[in-house]
Every structure is written in structure tokens, then in C-alpha cells.
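First comes the structure, then the notes that go with it.
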Amino acid sequence: MANAASGISVHDDCKLRFLELRAKRTHRYIVFKIEKMQVVVEKLGEPKEGYADFTTALPANECRYAVYDYDFLSVDNAPKSRIFFIAWCPDTSQVRSKMTYASSKDRFKRELDGIQVELQATDPSEMSLDVLKERAK
């Protein structure tokens, strides 16, 4: 079903890969892009990949949606995990692209059941590892 506001639909593979990340932890991250009026999977991160690999997978001048499975230790040293949804819209991306991603974000995010934290970033500093640590609490 297409988003009424933007006309963008979500490919079934997006939901399938997200379920794999959430339930089986077969991916560390997923990068999604809008292509031909549909959100599709652009890149899957291997479970052993780190945050630097994830940030490198995001293009410097183009918008993307991404999901990152962040592992950390709680205050009582218990291993925990949070699934972050990141709307990446760099200031240098095209205005039309920013508008398309912004108008489709909520509809797409609803398709991914299990998102725990949402970030919107226009600059790498807005989604640094320190920001994730702070928001994961």
C-alpha cells in the first residue's frame, strides 16, 4: 500500500530483513533507500560489523533510512540491545529528496514493528556513537 502523502510504497523485503535483524540478529544494520517510488533494502550489515561500518554505508549527500542494532552494557553490566531507526537527511542532499523522505518516514517506520529509538540526523555528529549511548538508556 502506498503512502497517501508521498505515493511511496514499501517493498516486502524491507519488512522481512527487519524481522531477521530483530528476531534472529542476522544483520547488524540495514540501509534503506527510496527507488522508483518504493522503499527498498540497499545494504545489509553483517553481525560482526561495527558502528563505523554502518556510518560508512550511509551516503554523504543522499537521504536514507536505516536501522541499527546497538549492543551495550546496562548500568548493572547486563548486556542489552536497542534497535535504532535513523532518518538520515544530510543538509547537502537535494530538497526534493529531503521532502520525499520526510513525508514517507512515519508510514515506513510503522511497517517496522520493534523500533525502540528514533533519531533524525542531518550531520554525522547527530548520530555519533555517544548519541546512541545516551539515547539507549
Side-chain angles (χ1 to χ4, degrees):
M1 175 195 276
N3 181 333
S6 64
I8 302 296
S9 63
V10 178
H11 192 282
D12 289 338
D13 196 40
C14 295
K15 294 178 263 188
L16 177 68
R17 300 295 174 214
F18 178 75
L19 286 172
E20 290 174 352
L21 177 141
R22 191 186 79 199
K24 299 177 187 167
R25 304 194 76 179
T26 53
H27 314 296
R28 172 64 57 195
Y29 62 86
I30 308 170
V31 177
F32 304 95
K33 73 176 184 176
I34 296 176
E35 186 175 84
K36 297 178 185 168
M37 301 301 286
Q38 188 173 51
V39 180
V40 296
V41 173
E42 181 179 48
K43 179 160 179 31
L44 298 170
E46 296 293 322
K48 66 183 181 305
E49 289 188 56
Y51 196 68
D53 299 310
F54 165 66
T55 57
T56 302
L58 295 172
N61 300 317
E62 295 177 35
C63 299
R64 293 292 186 270
Y65 301 126
V67 174
Y68 185 79
D69 188 5
Y70 177 61
D71 293 326
F72 63 101
L73 292 175
S74 67
V75 271
D76 54 351
N77 274 343
K80 290 196 166 220
S81 173
R82 290 277 184 270
I83 298 176
F84 278 78
F85 176 86
I86 299 170
W88 171 243
C89 285
D91 290 331
T92 53
S93 59
Q94 296 177 348
V95 172
R96 182 177 180 86
S97 176
K98 288 185 210 179
M99 290 173 54
T100 302
Y101 275 81
S103 64
S104 305
K105 178 182 64 101
D106 289 335
R107 158 75 168 69
F108 176 59
K109 199 174 83 173
R110 279 195 304 272
E111 295 285 334
L112 308 177
D113 186 33
I115 297 291
Q116 296 164 308
V117 184
E118 179 183 343
L119 287 178
Q120 295 193 61
T122 58
D123 179 84
S125 67
E126 296 174 344
M127 53 178 241
S128 69
L129 204 46
D130 289 337
V131 171
L132 263 66
K133 287 176 187 172
E134 181 62 34
R135 296 287 304 273
K137 295 179 182 175

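- At least one side-chain heavy atom of Y70 sits under 4.5 Å from a side-chain heavy atom of K133.
- With contacts defined as side-chain heavy-atom distances shorter than 4.5 Å, the pair L132/L119 qualifies.
- A salt bridge does not link K33 with E62: every distance from a Lys NZ or Arg NE/NH1/NH2 to an Asp or Glu carboxylate oxygen is 4.0 Å or more.
- Looking only at side-chain heavy atoms (C-beta outward), K105 and F85 come within less than 4.5 Å of each other.
- Judged purely by atom type and a 3.5 angstrom limit, W88 uses its side chain to pair as donor or acceptor with the backbone of P59.
- Residue L129 holds its CG atom at 9.0 Å from OG1 of T55, rounded to the nearest 0.5 Å.
- Closest approach of V67 to F18, counting heavy atoms only: CG1-CE1, 3.7 Å.
- When the shell of 6.0 Å around CD of Q94 is examined, it contains 12 or fewer heavy atoms from other residues, nucleotides or ligands.
- Counting only heavy atoms from C-beta outward, the side chains of L58 and M127 approach each other to under 4.5 Å.
- Between C14 and F108, the closest side-chain pair of non-hydrogen atoms falls below 4.5 Å.
- Between I8 and V39, the shortest heavy-atom contact is CG2-CG2, 3.7 Å.
- Following chains of ILVMFWY side-chain contacts shorter than 4.5 Å, one cannot reach I86 starting from V41, and the two form parts of different hydrophobic clusters.
- Here the CZ atom belonging to R64 is positioned 14.5 Å from the CD1 atom belonging to I30, to the nearest 0.5 angstrom.
- In this structure, R82 CZ and Q116 CD are separated by 5.5 Å, a value rounded to the nearest 0.5 Å.
- Remark: R17 CZ to H11 NE2 distance equals 10.0 Å, nearest 0.5 Å.
- Y65 and V10 fall within the same hydrophobic cluster, where Ile, Leu, Val, Met, Phe, Trp and Tyr residues are linked whenever their side-chain heavy atoms come under 4.5 Å apart, directly or through other members.
- For the pair L16 and L19, the minimum side-chain heavy-atom distance is 4.5 Å or more.
- D71 pairs with exactly one of K80, K48, R25 by the salt bridge (charged side-chain N to carboxylate O under 4.0 Å, His left out) rule, that one being R25.
- Under the 3.5 Å distance criterion, the side-chain polar atoms of S104 are left unmatched by any main-chain donor or acceptor of Y101.
- No continuous path of ILVMFWY side-chain contacts below 4.5 Å connects L44 to F54, so the two sit in separate hydrophobic clusters.
- Salt bridge status for D113 with K15: absent, with no side-chain N to carboxylate O gap under 4.0 Å.
- Screening F84, F32, Y51 for a ring-ring contact (aromatic ring centres under 6.0 Å, His included) with Y68, the sole residue that qualifies is Y51.
- Rounding to the nearest 0.5 angstrom, the gap separating the CZ atom in R22 from the CG atom in D69 is 11.5 Å.
- Interatomic distance, CG of L112 versus CD1 of I83, reported as 9.5 Å (0.5 Å rounding).
- In terms of heavy-atom proximity, C89 sits nearest to C63 at SG-SG, 3.3 Å.
- At a cut-off of 3.5 Å, with distance as the only test, a side-chain donor of D123 or S125 sits close to an acceptor on the other residue.
- Side chain of K43 to main chain of Y29: no donor-acceptor pair is present (N/O by atom type, distance under 3.5 Å, no hydrogens or angles).
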